[in-house]
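Reviewing the structure listed below.
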Amino acid sequence: MPTTGERPRPDLPWTGRPGRADLICWAGIALSGLYALALIPLRPVLIGRNPVLLELLTGSMTSIVTAGAFARVGEVSLFLAVAAAVPGMIVFDPFFWWAGRLWGRGMLTLVAGRGGRGGRTIARAERLGHRLGWVGVVIAYYLPVPAALLFVIAGWTGMRLVTFVLLDTVAALLWIGMLVGLGYYLGQDAVDVAKAISHYGTWASIALVVGLLVVRGVRGRRDAGAGPAAEPADRAEVAADR
């Protein structure tokens with residue numbers, strides 16, 4: 001488990017001058033957040049028209065449940081409803097494993113946030129990660145901490161990348177199976193709701209974008225007044241939709 005005597009900067013997980021690996025890993029994590037934000041306007045449009053494509057692009061809970069409902073009414077195959085969600089869920093996870101390998105606690109602090117609540121979340125994640133080992137990755141989506149924290153801990157504690165990817169895929173399938181099953185149970189009712197959302201998808205997308213800009217503007221002013229220690233972890237918020 002890597003250790004360092006220097007204290008990470010409040011807004012970055014590493015200490016000192018970043019190397020090439022630091023910059024590449026950081027770019028991947030930043031891209032994951034930007035990618036999720038960029039797809040927000042497409043969610044209400046695709047949810048009732050092509051939930052399988054939305055699964056593939058985002059791996060979001062709503063798209064997976066909706067795909068299960070579409071499978072119930074025969075509009076998509078059940079296998080496709082499960083398989084399409086896997087890439088969207090795990091595509092950026094190896095960057096969090098890598099961040100744990102590179103930066104350890106510095107990345108944990110950045111994902112969980114600073115202050116008392118973030119410290120408690122980190123302590124809980126560390127206890128679960130060390131107690132459960134590889135099982136913690138498999139059941140990551142069912143535990144009361146952000147899955148990204150457990151992925152960081154997996155890299156921090158020395159888990160091999162191939163092992164992590166295999167376990168992460170199993171974890172995704174367990175989570176997807178439950179959500180598809182829920183959608184399958186809801187059936188036509190969920191399909192009707194999804195199609196109604198997509199019918200008004202253009203206006204909903206505009207409202208989402210405007211709302212997002214307003215919220216981020218308010219947060220930016222609040223964080224600027226509170227100082228650098230209050231900077232949030234955007235990626236952890238996006239991951240909450242899984």
Side-chain angles (χ1 to χ4, degrees), residues 1-8 12-15 19 21-22 24-26 28-33 36 58-61 64 82-83 85-182 233-242:
M1 186 179 299
T3 59
T4 176
E6 288 187 83
R7 184 180 180 85
L12 294 172
W14 60 75
T15 59
D22 296 314
I24 294 173
C25 184
W26 188 246
I29 291 172
L31 178 62
S32 71
T58 68
S60 67
M61 289 193 297
I64 298 170
V82 173
V86 176
M89 282 194 66
I90 72 172
V91 62
F92 291 107
D93 291 349
F95 285 105
F96 288 88
W97 170 90
W98 193 14
R101 179 65 61 93
L102 290 172
W103 309 314
R105 179 168 284 278
M107 188 61 193
L108 288 176
T109 302
L110 201 65
V111 172
R114 303 176 191 279
R117 183 176 180 181
R120 289 191 296 271
T121 301
I122 290 173
R124 189 182 305 119
E126 285 186 304
R127 287 196 301 270
L128 289 171
H130 288 289
R131 185 182 305 163
L132 297 174
W134 63 268
V135 177
V137 176
V138 173
I139 61 174
Y141 296 107
Y142 292 92
L143 296 176
V145 295
L149 283 178
L150 294 168
F151 301 157
V152 171
I153 290 173
W156 189 19
T157 54
M159 182 180 290
R160 295 175 56 195
L161 177 59
V162 172
T163 302
F164 170 75
V165 171
L166 290 174
L167 294 176
D168 190 27
T169 302
V170 172
L173 286 170
L174 289 174
W175 185 243
I176 292 164
M178 184 195 73
L179 295 177
V180 167
L182 174 60
D234 287 343
R235 179 60 177 87
E237 293 178 5
V238 173
D241 186 38
R242 292 186 175 183

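Residue numbers run from 1 in the order of the sequence given. Side chains are part of it too, since the values below use all heavy atoms of this structure and drop only hydrogens, waters and symmetry mates. Just so we're clear, the structure is a prediction, and the values are computed from it rather than from any experiment.
Atom CD1 of Ile64 and atom OG1 of Thr58 lie 7.5 Å apart (nearest 0.5 Å). In this structure, CH2 in Trp97 is found 15.0 Å from CD1 in Ile153, a value given to the nearest 0.5 Å. Summarising the geometry, atom CG belonging to Asp22 is positioned 5.5 Å from atom CG belonging to Leu102; distances are rounded to the nearest 0.5 Å. Here the CG atom belonging to Leu167 is positioned 12.0 Å from the CG atom belonging to Asp93, to the nearest 0.5 angstrom. Summarising the geometry, atom OG1 belonging to Thr163 is positioned 12.0 Å from atom CG belonging to Asp168; distances are rounded to the nearest 0.5 Å. Distance check, rounded to the nearest 0.5 Å: CZ of Phe151 to CG of Leu149 gives 10.0 Å.
Considering only heavy atoms from C-beta on, Leu174 comes within 4.5 Å of Tyr142 through its side chain. Side chains of Ile29 and Trp98 form no contact here, defined as non-hydrogen atoms less than 4.5 Å apart. Proximity of Tyr141 to Met178: side-chain heavy atoms (C-beta onward) are nowhere separated by under 4.5 Å. Side chains of Phe164 and Phe96 form no contact here, defined as non-hydrogen atoms less than 4.5 Å apart.
The aromatic rings of Trp103 and Trp26 sit perpendicular to each other, their planes meeting at more than 60°, with 30° as the lower class boundary.
Without hydrogens or angle criteria, Arg101 side chain to Met159 main chain gives a donor-acceptor distance under 3.5 Å.
Here the shortest heavy-atom pairing between Leu150 and Gly136 reads CD1-O, 3.8 Å. Between Val91 and Pro94, the closest heavy-atom pair is O-CD, 3.7 Å. Nearest heavy-atom pair, Ala154 versus Val137, reported as atom, atom and distance to 0.1 Å: CB-CG2, 4.0 Å. Of all heavy-atom pairs spanning Ala147 and Ala140, the tightest one is CB-CB, 4.1 Å.
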